2 protein chains.
Amino acid sequence: MKPTIRDVAKMAGVSISTVSRVMNAPDTVVESKRSRVMEAIEALKYQPNAFARGLIYKKSFTLGLLIPDIENLYFAGVIRGMQDACIKLGYSLMICNTDRDKERTLSYIDTFHEKQVDGVVFASDVLYPEYYEKLVGCRIPFVLVSSHSDEYEVASVEVDDEKAAYDAVKFLIELGHQEIGMIGFNHDNSVSGPPRVAGFVRALKEFGLERNVEKVKYANHRFEQAYQASHELFSDYPELTAVFCVADEFAMGTISYLKDRNILVPGQVSVIGFDNLRMSGMFIPKLTTIAQPIYQLGYRAAEKLHELLTTGSVAVMKEKMEHKLVVRESSREK
Amino acid sequence: MKPTIRDVAKMAGVSISTVSRVMNAPDTVVESKRSRVMEAIEALKYQPNAFARGLIYKKSFTLGLLIPDIENLYFAGVIRGMQDACIKLGYSLMICNTDRDKERTLSYIDTFHEKQVDGVVFASDVLYPEYYEKLVGCRIPFVLVSSHSDEYEVASVEVDDEKAAYDAVKFLIELGHQEIGMIGFNHDNSVSGPPRVAGFVRALKEFGLERNVEKVKYANHRFEQAYQASHELFSDYPELTAVFCVADEFAMGTISYLKDRNILVPGQVSVIGFDNLRMSGMFIPKLTTIAQPIYQLGYRAAEKLHELLTTGSVAVMKEKMEHKLVVRESSREK
DNA sequence: TTCTATTTAGAAAAGCTTTTCAAAGCGATT
DNA sequence: AATCGCTTTGAAAAGCTTTTCTAAATAGAA
C-alpha cells in the first residue's frame, strides 16, 4: 500500500494538516515539527496522491497532444519542443497518435475529458466540426499547431505556408529553372495543401511561368505515395527540370523515383523539400528545403495553451513563425 | 463548471447512487429511470471524474513510457505498438523523452509516481541502480523493452542481440567478404552494445577471420557520430570491403561518409544495418539490415506490463523476439 | 500578573465517485 | 390477510488531500 498523508502524520506525531502545511507552506510550521515531518516523508517516500489533489484543484497539470502520425519525424520534433515547454511550465504530457482516424481521434478526446487534461494541442490535422464540437462540448481548451481554422475562432501557431511555398518556388526560378512541377498534399484532408499550391502558383505567375500551373500531383503524407505521384508527374511532364515537394518525405520519394529512372539529382532535376527534418541532412543527396522551426512550433504551442489556460485568452490568435530556406545538395542552377 | 453526478441525478430526479448504477451496472436499475438518467447524461455531456474514480479504484489506467530519444525512428515504432496495445487493454499512455539524462529520467519517475501511473515501460536505456531503486521505492511495477538487466530480476522483451549480430556478419561473410569492420554502440551507456560485438566476434571466429576482431569503432546513437566513426574506421583499415552497423542510422552515416569519399556502396563496400526503420527502405541505396519487430516489441511490452499488473508476475521473465535479415541494396557479393 | 496580539496546530468540511447496507416496495404464497 | 422473498432505491461511508475556521499556546506589553 502506498503511504498516505495519514501515515506520515502518525510517524511524525502530528496532525495531517501539519503535514500538508509542511508541503505547501513550510514556514507556517515550527522548525522542530517541520523537520520531523520531512524525515517521515523521506522515510516513507511519501508522494501526495494526485487524485486527491486533482479533486481539490480541479486541475490535472497534464496536457494532451493529438498528432496524426508518430512515425513522421516532423511530429517527433514537435513533441520534443512541446515536452520541453511542458517541463518548464510544470505540466505532464499525454501524447496520442490518431493515424488521422476520426473515430480514434474522437475517442482520444473522450479519454482526455475523462482524465481531465487541462488543455490539448491539436497538431497538423484539419479541425473537423466533429472535433471542434466535441472539444468545446467537453469544455476542453485547445490550440492548433501547424494548422488553423477558418471556420472557428481557435488559437493557432504555424508557418506561413503560402509565403514559404512561394519562396521555395522563387528559389527554383532564380536558379534558372523554367519547367517546374510540384508534389502537393491531397487537399481533402490537409490544412497546408491549398496555401502551398497557392504559393507555387503565385511565384510562377510573378515570373511569367503560368504554363507550369497545372503540373501538380498529389500524395498522401507518405514516401511511397510521393514515389507514385512522381511517376505520374514525370510521365505527364517529362520536360521538368525542377520539382517543389511540400514535405521532405515527398522529396525523398521523388528523388528515389528519379534515381530508379536513372535521372540525376541535382544533375538533371533539382528537388526542393519542405520541413527540414533531422533526416534531411542525412539523405543522399542532402536535401535543399524550406526549414520549419519544428521544435519551436511545439514549444510555442504549449506556451500558447498555457497562456490560454491561465489568462483565459490569448494575445495573438493566429500566430505565424518564420521559415527559412536551407540550401544543400538536391538543387542546382539550370 | 463541469457537471457532476449530482447534476445528473437532479436532472433525472433520482439519487446519485442510481446514476452511478446506470453507468456501472445498468441492469440493476429499472428501465424507466435508466432511460431518464441516460438522457440526462447525454444532455449534460457528463463524464465521470477520473480523480474521484482513481481515489476509489487506486488505479489510473495510465501507463508510463520512458524513451531515450523521440527523434529516433526506432522509438516511434515502439510507441506506436505500445499505444495500440494500450487501446486494446484500456490504458492511456504517458510518454516521456529522457534524452538519456539521469536527472531528467529520475524526475519523470517522480512525475509518474505523483500521477499514479499503474506501471511503466522503460525503453532501451541501461537500467542504472538509481532508476531501479527509485522505481521499486515508489512501488511502480515496470518492464524493460529493448533492454534487460543482469543485476536485477526485471521482466524484459527484446531481440537476441548477439544472435542478430552474428547473423548479420555471417551474411556478409557468406557474400564473400573477408575484410569486415563494425560501427558499434559505445559500451558505457548501452545495453545492446556488448552483445552485438560478441555476435560480430563469434561469426568472425567461426569462419577463421579473427584478424577483423579489432576493426570496430564506436558511436553514440546518432548519424553524425557514425559518420565520424566511419572516418576513423576507414582511416585505420582502408582494406575493408564490408561493414556491420548496429543501427540503420549508423549505416546511413557510414554510407554518407563513403559517398563523400567517393567510395561506392555497394559497389566497393557493402553495408548492413540493424533495426529496419521505416526510413531504411527510403534511403539511397535502400538498406540491407537486420529487421527488429519494432512495433511488436512495443506492443508486447505493454501486454507484459499488463500481465504484471493484473497477475502480479510474468510468465516468462526475459522474452526474446525474432529478428530477420532483410536484403536490399546496400550489400553485394564480393 | 494579566491581558492582548500573534503564531502554530488540529478538527472538520469539501471535492466526486463507488459501494455497502438498510429500507422500501411489490408480488406471490400460504 | 399476513408473511416471505426478491427487486429496486437511497443514505452514508470511504478514499486522500487542501483549506478554512477555531482553539490553543506563546510572546510581549501594560
Side-chain angles (χ1 to χ4, degrees), chain A residues 1-38 40-41 44-62 90 110-111 113-118 138-139, chain B residues 1-38 40-41 44-62 90 110-111 113-118 138-139:
Chain A
M1 243 352 6
K2 302 211 171 174
T4 74
I5 199 171
R6 236 175 207 89
D7 301 313
V8 177
K10 198 179 299 171
M11 181 180 238
V14 299
S15 76
I16 60 166
S17 326
T18 302
V19 177
S20 178
R21 268 186 287 258
V22 168
M23 307 197 70
N24 299 296
D27 25 298
T28 66
V29 15
V30 81
E31 165 59 24
S32 64
K33 293 196 182 186
R34 194 194 327 163
S35 60
R36 280 212 323 271
V37 169
M38 295 208 297
I41 288 175
L44 295 168
K45 283 196 201 294
Y46 167 72
Q47 180 92 23
N49 183 317
F51 298 135
R53 308 183 92 173
L55 217 42
I56 290 169
Y57 293 136
K58 297 172 187 306
K59 290 196 64 179
S60 60
F61 298 98
T62 300
D110 274 333
T111 305
H113 185 198
E114 185 202 329
K115 295 274 159 84
Q116 318 266 328
V117 301
D118 298 332
C138 294
R139 301 174 194 72
Chain B
M1 241 356 5
K2 303 211 167 172
T4 72
I5 199 171
R6 230 170 214 92
D7 301 313
V8 178
K10 198 179 300 171
M11 181 178 239
V14 299
S15 75
I16 60 168
S17 325
T18 302
V19 177
S20 176
R21 268 184 287 257
V22 168
M23 308 198 69
N24 300 296
D27 25 298
T28 66
V29 16
V30 81
E31 165 58 25
S32 64
K33 295 198 181 187
R34 195 193 328 165
S35 60
R36 275 201 342 259
V37 169
M38 296 208 295
I41 287 174
L44 295 168
K45 281 195 202 295
Y46 167 72
Q47 179 91 24
N49 183 315
F51 297 134
R53 306 183 94 173
L55 218 41
I56 290 167
Y57 292 136
K58 296 169 189 306
K59 288 196 66 179
S60 60
F61 297 99
T62 301
D110 274 332
T111 306
H113 186 198
E114 187 201 329
K115 296 273 159 84
Q116 318 265 331
V117 302
D118 298 333
C138 294
R139 300 174 195 70

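Just so you know, these numbers use all the heavy atoms, side chains as well, and skip hydrogens, waters and symmetry mates. Just so you know, these numbers come straight off a predicted model, no measurement behind them.
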Whole angstrom value for the distance that separates [atom2] of [N] from [atom1] of [X]:
{"X": "A/Gln47", "N": "D/dC16", "atom1": "CD", "atom2": "P", "result": "15 Å"}
{"X": "B/Lys59", "N": "D/dC16", "atom1": "NZ", "atom2": "P", "result": "17 Å"}
{"X": "A/Asp27", "N": "C/dT6", "atom1": "CG", "atom2": "P", "result": "18 Å"}
{"X": "A/Ile5", "N": "D/dT19", "atom1": "CD1", "atom2": "P", "result": "11 Å"}
{"X": "A/Phe61", "N": "D/dT18", "atom1": "CZ", "atom2": "P", "result": "11 Å"}
{"X": "A/Lys2", "N": "D/dT17", "atom1": "NZ", "atom2": "P", "result": "12 Å"}
{"X": "A/Asp7", "N": "D/dC16", "atom1": "CG", "atom2": "P", "result": "9 Å"}
{"X": "A/Arg21", "N": "D/dT22", "atom1": "CZ", "atom2": "P", "result": "15 Å"}

Could you report the tightest heavy-atom contact between [X] and [Y], atom names first, then the distance?
{"X": "A/Lys33", "Y": "A/Val14", "result": "CD-CG1, 3.9 Å"}
{"X": "B/Ile5", "Y": "B/Val19", "result": "CG1-CG1, 3.5 Å"}
{"X": "B/Ala12", "Y": "B/Ala40", "result": "CB-CB, 4.2 Å"}

Ignoring hydrogens and angles, write down the donor-acceptor pairs under 3.5 Å from the side chains of residues 46-59 of chain B, residues two or more places apart or on other chains.
| residue | atom | partner | partner atom | Å |
| --- | --- | --- | --- | --- |
| B/Asn49 | OD1 | B/Phe51 | N | 2.6 |
| B/Asn49 | OD1 | B/Ala52 | N | 3.3 |

Inset, instruction - Please collect all salt bridge (Lys or Arg N to Asp or Glu O under 4.0 Å) contacts where either partner lies in residues 6-27 of chain B, sequence neighbours excluded, each pair once. - result: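 As it turns out, there is no salt bridge (Lys or Arg N to Asp or Glu O under 4.0 Å) pair with a partner in residues 6-27 of chain B once direct neighbours are skipped.
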
Inset, instruction - Not counting sequence neighbours, which residues clear salt bridge (Lys or Arg N to Asp or Glu O under 4.0 Å) with B/Arg34? List them please. - result: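 Counting only residues at least two positions away or on another chain, B/Arg34 forms a salt bridge (Lys or Arg N to Asp or Glu O under 4.0 Å) with B/Glu31.
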
Legend entry - side chain to side chain contact (heavy atoms under 4.5 Å, CB included) between A/Ile41 and A/Met23, worked out: CA-CA 10 Å; A/Ile41 288 175; A/Met23 307 197 70; 4.1 Å; yes

Inset, instruction - Ignoring hydrogens and angles, state whether a donor on the side chain of A/Ser20 or A/Ser17 is under 3.5 Å from an acceptor on the partner side chain. - result: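 Not at all, the side chains of A/Ser20 and A/Ser17 share no donor-acceptor pair under 3.5 Å.
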
Inset, instruction - Classify the side-chain pair A/Lys115/A/Thr62 by whether it contains a donor and acceptor separated by less than 3.5 Å. - result: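 On atom types as modelled, these side chains do not qualify, holding no pair under 3.5 Å.
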
All N/O contacts under 3.5 Å from nucleotides 13-15 of chain D to the protein, with atom names and distances to one decimal?
| residue | atom | partner | partner atom | Å |
| --- | --- | --- | --- | --- |
| D/dG15 | O3' | B/Lys58 | NZ | 3.2 |

Indicate whether OP1 or OP2 belonging to [N] is found under 4.0 Å from a side-chain N or O atom of [X].
{"X": "A/Tyr46", "N": "D/dT17", "result": "yes"}
{"X": "B/Asn24", "N": "C/dT18", "result": "yes"}
{"X": "B/Tyr57", "N": "D/dC16", "result": "no"}
{"X": "B/Ser20", "N": "C/dT18", "result": "yes"}
{"X": "B/Lys33", "N": "D/dT9", "result": "yes"}

Inset, instruction - Kindly point out which of D/dT17, D/dG10, C/dG10 is positioned nearest to the side chain of B/Ser15? - result: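 Nucleotide nearest to B/Ser15's side chain: D/dG10.
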
Inset, instruction - Report the end-to-end axis angle of the helix from C/dT1-D/dA30 to C/dT30-D/dA1; each axis comes from five terminal pairs, and the value is rounded to 10°. - result: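 The angle separating the two end axes equals 70°.
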
From [X] [atom1] over to [Y] [atom2], what is the distance, rounded to the nearest 0.5 angstrom?
{"X": "A/Gln116", "Y": "A/Thr111", "atom1": "CD", "atom2": "OG1", "answer": "12.5 Å"}
{"X": "B/Glu114", "Y": "A/Phe61", "atom1": "CD", "atom2": "CZ", "answer": "9.0 Å"}
{"X": "B/Lys45", "Y": "B/Lys2", "atom1": "NZ", "atom2": "NZ", "answer": "13.0 Å"}

Inset, instruction - Kindly say whether, by distance alone, the side chain of A/Ser17 makes a donor-acceptor pair under 3.5 Å with the base of C/dA11? - result: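 Indeed there is one.
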
Inset, instruction - For B/Thr18, report the nucleic acid contact type (base, sugar-phosphate, nothing); a contact means any heavy atom under 4.0 Å. - result: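 B/Thr18: backbone/sugar contact only, no base atoms under 4.0 Å.
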
Could you list the protein-to-nucleotides 5-7 of chain D atom pairs, N/O on both sides, closer than 3.5 Å?
none

